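In what follows, a structure is listed as structure tokens, so that the remarks can point back to it.
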Protein chains: 2
Amino acid sequence: MEDNTARFEKLLVKNGLKRTAPRLQVLEILSGRDSATSQPYLEQVMGKDADRVTLYRVLQAFEEKGIIHKVLDQQGTANYAICSDGCSAHEHHDEHVHFNCDNCHKIYCLDTVKIPALKVPAGFKVDHLNLIATGLCASCSDKVN
Amino acid sequence: MEDNTARFEKLLVKNGLKRTAPRLQVLEILSGRDSATSQPYLEQVMGKDADRVTLYRVLQAFEEKGIIHKVLDQQGTANYAICSDGCSAHEHHDEHVHFNCDNCHKIYCLDTVKIPALKVPAGFKVDHLNLIATGLCASCSDKVN
DNA sequence: TTATATTTGCAACATAATTGCATTAAAATG
DNA sequence: CATTTTAATGCAATTATGTTGCAAATATAA
């Protein structure tokens, strides 16, 4: 799992995207984190390596191709995480629960927790489900006690 | 159910808020809609009747008192709906499902649908759940067929 | 009717996101 | 390997969204 760069380059090519510095950098940052990453954080980390507009466009392209998925936190800020295998441009499989910690504000993708089936009123056709739980993450509830 | 104004005035007084024109207007608009209403829509409808800042502050005050609740749609836009009875400043009971129609972009509060209980990994402590379903609402899926 | 406490509106500012366009860089081609 | 083609970047300008401080106005209490 060492040579990420080679892996990322394949990922880009596979999706018809050119191998550029800003794109590799975004993948590098996202893969090094255990929770979803906010746009402002990315912007700050990348600094002047890439224009703000470029970052927006990189994220948008990645989302369209199914490389990353977007989660909105309780404030409405966009956060991004690398999709698990199985996502593609045509179909996102990110219907797991996202956990938004009230203390550290990290967003965890709880891949193991599936969203239970849901009964909706007649006529409504559910396409996607998006469940965000808020509370304290394991690390923060430790510290509080 | 005709004289809304009197009802709204009581609601304001009960929550220690003064009876002002912008507040009554917001309540009037929200109560006349069958789905959650976006901040931009409210801003547009109110036009120059109220300053943009006033609208933000009215919405914020209402949310704090438990008169309305905020739902973020898939784009991260704030939408507001009048709370069902039982909400207060201390406790929001809006843990029902919100349905975001992909076609008409309305947001429905599905009060009758409860969010199923959830198993989370050890250590995580869930405080609130927020489930947004996307797809076609009853009215739009009619039209498509 | 006057006093007081809240609420409003304005101006200025801060942040987040989008668009058009010229320039640059990556991959494809011969 | 030079050249062409196509995609991506960076910059400037613009729009949308949300916030803060403060003076003026207004609702309620006294």
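In what follows, every chain begins at residue 1, and chains take the letters A, B, ... in the order their sequences are listed. Note that the coordinates shown come from a computational prediction; the quantities given were computed from them, not determined experimentally.
Across the protein-nucleic acid pair, B:L17 atom CG and C:dT8 atom C1' stand 14 Å apart, rounded to whole Å. When rounded to the nearest whole Å, the span between CG of A:L59 and P of D:dA8 equals 14 Å. Taking atom CZ of residue A:F62 and atom P of nucleotide D:dA8, one finds them 10 Å apart after rounding to whole Å. Distance A:K48 NZ to D:dC11 P: 10 Å, rounded to the nearest Å. A straight line from CD of B:Q75 to P of D:dA16 spans 16 Å, rounded to a whole angstrom. The nearest whole Å value for the distance from the CG atom in A:L72 to the P atom in D:dT17 is 15 Å. Between the OH atom of A:Y56 and the C1' atom of C:dG20 there is a distance of 18 Å, given to the nearest Å. Nucleotide C:dT7 holds its C1' atom 14 Å from the CG atom of B:L55, rounded to whole Å.
Nearer the 5' end of DNA chain D, as judged by each residue's closest nucleotide, is the contact made by A:A21, out of A:A21 and B:T77. When each of A:A78 and A:R19 is assigned the nucleotide of DNA chain C with its nearest heavy atom, A:A78 is the one assigned upstream, toward the 5' end.
Taking the side chain as every heavy atom from C-beta outward, B:L136 and A:D127 never approach each other to under 4.5 Å. B:F8 places a side-chain heavy atom less than 4.5 Å from the side chain of B:S31. Counting heavy atoms from C-beta outward, A:H98 and A:N130 have side chains that approach closer than 4.5 Å.
For D:dT6, its base sits under 3.5 Å from the side chain of A:K18 at one donor and acceptor pair at least. Scanning atom types as modelled, one donor and one acceptor separated by under 3.5 angstrom connect the side chain of B:R57 and the base of C:dG9. Checked by distance alone, B:R52 brings a side-chain donor or acceptor within 3.5 Å of a matching partner on the base of D:dG18.
Residue A:Q39 places no side-chain N or O under 4.0 Å from the OP1 or OP2 atom of C:dA16. Dashed line: the shortest gap from a side-chain N or O of A:T20 to OP1 or OP2 of C:dA25 is not under 4.0 Å.
Residue-level contact check: A:A50 touches the backbone only, with heavy atoms under 4.0 Å from sugar-phosphate atoms and none from bases.
For A:T54, the listed nucleotide lying nearest its side chain is D:dG10; candidates were C:dT8, D:dA27, D:dG10. When the nucleotides C:dT18, D:dT20, D:dT9 are ranked by their closest atom to the side chain of A:V53, C:dT18 comes out on top. For B:R23, counting side-chain heavy atoms from C-beta on, the closest listed nucleotide (D:dT19, C:dT8, D:dA7) is C:dT8.
Cation-pi geometry between B:R33 and B:Y41 is met: under 6.0 angstrom from the ring centre, within 45 degrees of the axis.
No option in B:S139, B:C140, B:C137 other than B:C137 meets the side-chain contact (heavy atoms from CB on, under 4.5 Å) test with A:F124.
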